[in-house]
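Before any comments, here is the structure.
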Amino acid sequence: MALWGGRFSGKTRDEVARFTESISFDRRLYKYDIAGSIAHVTMLAKQGIIPEHSAESIRTELGKILERIEKGDFKYDISLEDIHMHIESALIAVLGDEGARVHSGRSRNDQVAVDVRLYLRDAVEEIIGGIREFQRALVRKAAENPEQIMPGFTHLQHAQAVLFAHHLLAYVEMFDRDAGRLADCRRRFNVSPLGSGAIAGSTLPLDREYTAQLLGFDGVTRNSMDAVADRDFMIELLSALAIFGIHTSRLSEDLILWCGQEFDFIELDDAFCTGSSLMPQKKNPDVCELTRGKTARFTGALTALLTMCKGLPLTYNRDLQEDKVPLFDAIDTAMQILAVYPPMIDTMKLKGASMEKAASDPALMATDLAEALVGLGVPFRTAHHRVGSLVKYCREKGKALDELSLEEMRLTIPEATPEFPAMFDPKASIAKRKVTGGTGFEPVASQLAFWKKQLDLA
Ligand code: ARG
């Protein structure tokens, strides 16, 4: 019989049991559920609510249940709904009345809120660790190629010459903020809801601060109704993951473009690609494509949780059981991406000559010309216009900017000096960029030094 069976005379229909169960997905919370119960009974005994020997037996038995679950020696049955009831039933099956004391002053509503927070603490730590590894791989690749020049793009059009390292380090910045957002949401969710009961706290003299301390929480939730009703901590976490997903998806798109024939900037290692069943020549960047695809799950999970919570009356409603499906999926997806991406970056090869060739497009230096004119005292808008006219002239004559003589340049840029026709060397252009955060050799070297130190890279 179900643990809540007292007021029921009829049996749950099989379809309903299958419809309402959550054991198929919340079983992954077992460790945290057991840790919560151990803390709870320890507090109950300290407060004289249950005898010390009962607490002792319960703790011992919970330890055995943990071992059984980890050995795969634990039977799951949908008639017991969820992980909380499975563990409580297993306890009662062995200890009888002693085991039946474990749920004093507790509801599954506060229990599940505790379990998920404990689970997320570990998950967030793992994800942040994974993000740091991802950053390290990017920094290593940037450091291996500190002077590699490539075209930078805006609107996916050649914009200005940049350093490849600068491009990779842009993602390192993004991932740093992602890790920061995760750490920040952990700070807010690391408070204990235990003792909130179903909605209203308890008439028993619970010591909530004590269980919070035993479980490593930073404090206790202040309002029992808030504690069992809200899932904003999951929403925050999913929004942090959704943003991380957008970043990884954009990186994936960059890499997909770069290994395509039109760009030909990089080659991904065979271990991270697959072929086509039909076209013998194909080597597809599947890891990047699947990352781009899988990150949709984060946005989906975030949308699911927002939609689920919108319009829910306080406090707990069974709808909230559905929170775990997208939450777990998002966390698993993040871990999968973090497992494949760093080694793919580490083994990625640059096609330096090809990048350089693309970066030697003289049009990339048009802005440098305009800035040189500013240096000569020409107002920027005038300079911009003159260089624009020069580009137009080139298009009409079918010439490239670096094929013009000084005389031709002076047709649209009267101020042009003899250095102007030689200003199309991308390397010289990069060397002139000293502004903090810019793509010059010096600022990029300081970025690299900063991240190496920050990420403990030699
Ligand atoms: N399995 C439930 C969940 O995941 C646990 C809480 C159930 N509470 C209840 N009163 N039915 O949300």
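Numbers here are sequence positions counted from 1. A quick note: this is a predicted structure, and the numbers were derived from the prediction, not measured.
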For the student: nearest non-hydrogen atoms of Ala227 and Arg117, plus distance: O-NH2, 4.3 Å
Smallest separation among heavy atoms of Leu214 and Ala39, with atom names: CD1-O, 3.8 Å
Leu215 to Leu118 - nearest heavy-atom pair and separation: O-CD2, 3.9 Å
Glu15 and Arg18 ion-paired at < 4.0 Å: no
pair Leu80-Glu88: side-chain heavy atoms closer than 4.5 Å: no
Residue from Val124, Ile127, Thr333 passing side-chain contact (heavy atoms from CB on, under 4.5 Å) with Leu241: Ile127
Qualifying residue, where the test is side-chain contact (heavy atoms from CB on, under 4.5 Å) with Thr439 and the options are Ile149, Ile430, Leu169: Ile430
Side-chain donor-acceptor contact under 3.5 Å, Arg250 with His247: no
Parallel, tilted or perpendicular: rings of Trp258 and Phe265 (30°, 60°): tilted
Contacts table for residues 448-458: side-chain donor-acceptor under 3.5 angstrom, sequence neighbours left out:
residue	atom	partner	partner atom	Å
Trp451	NE1	Glu173	OE2	3.2

Min side-chain heavy-atom separation Met150-Val162 under 4.5 Å: yes
Criterion ring pair (Phe, Tyr, Trp, His ring centres under 6.0 Å) on Phe134 and Tyr171, from CA distance to verdict: CA-CA 10 Å; Phe134 197 167; Tyr171 285 106; 8.5 Å; no
Salt-bridge contact Asp332-Arg28 (side-chain N to carboxylate O under 4.0 Å): yes
Nearest atoms (heavy-atom pairs only) where Ala359 meets Met365: O-CE, 4.1 Å
CZ on Phe25 to CG on Asp323, rounded to 0.5 Å: 8.0 Å
Arg188 with Asp184: basic N within carboxylate O range, under 4.0 Å: yes
Under-4.0 Å salt bridge between Glu267 and Lys283: yes
Between His86 and Asp33, a side-chain donor and acceptor under 3.5 Å: no
Glu52/Arg59 salt bridge by N-O under 4.0 Å criterion: yes
Ion pair check, Asp26 and Lys324, cut-off under 4.0 Å: no
Closest heavy-atom pair and its distance - Gln135, Val172: NE2-O, 2.9 Å
No-hydrogen, no-angle side-chain donor-acceptor test under 3.5 Å, Tyr76 and Ser24: no
Met85 backbone acceptor or donor facing Asp82 side chain under 3.5 Å: yes
Asn109: partners by side chain to side chain donor-acceptor pair (under 3.5 Å), with sequence neighbours left out: none
Heavy-atom closest pair, residues Ala165 and Val444: CB-CG1, 3.9 Å
Verdict with reasoning, Ser37 to Arg106, per side chain to side chain donor-acceptor pair (under 3.5 Å): CA-CA 10 Å; Ser37 291; Arg106 189 177 71 174; 2.9 Å; yes
Row check, Phe217 ring normal vs Arg121 NZ/CZ: under 6.0 Å, within 45°: yes
Glu81 bridged to Arg108 by N-O distance under 4.0 Å: yes
SB check Glu67 Lys64 (cutoff 4.0 Å): no
Check: Ser239/Arg181 side-chain N/O donor and acceptor closer than 3.5 Å: no
Arg132 bridged to Asp176 by N-O distance under 4.0 Å: yes
Validation row, ring centre Phe263 to ring centre Phe153 under 6.0 Å: yes
Tyr32 and Tyr119 aromatic ring geometry - parallel, tilted or perpendicular at 30°/60° bounds: perpendicular
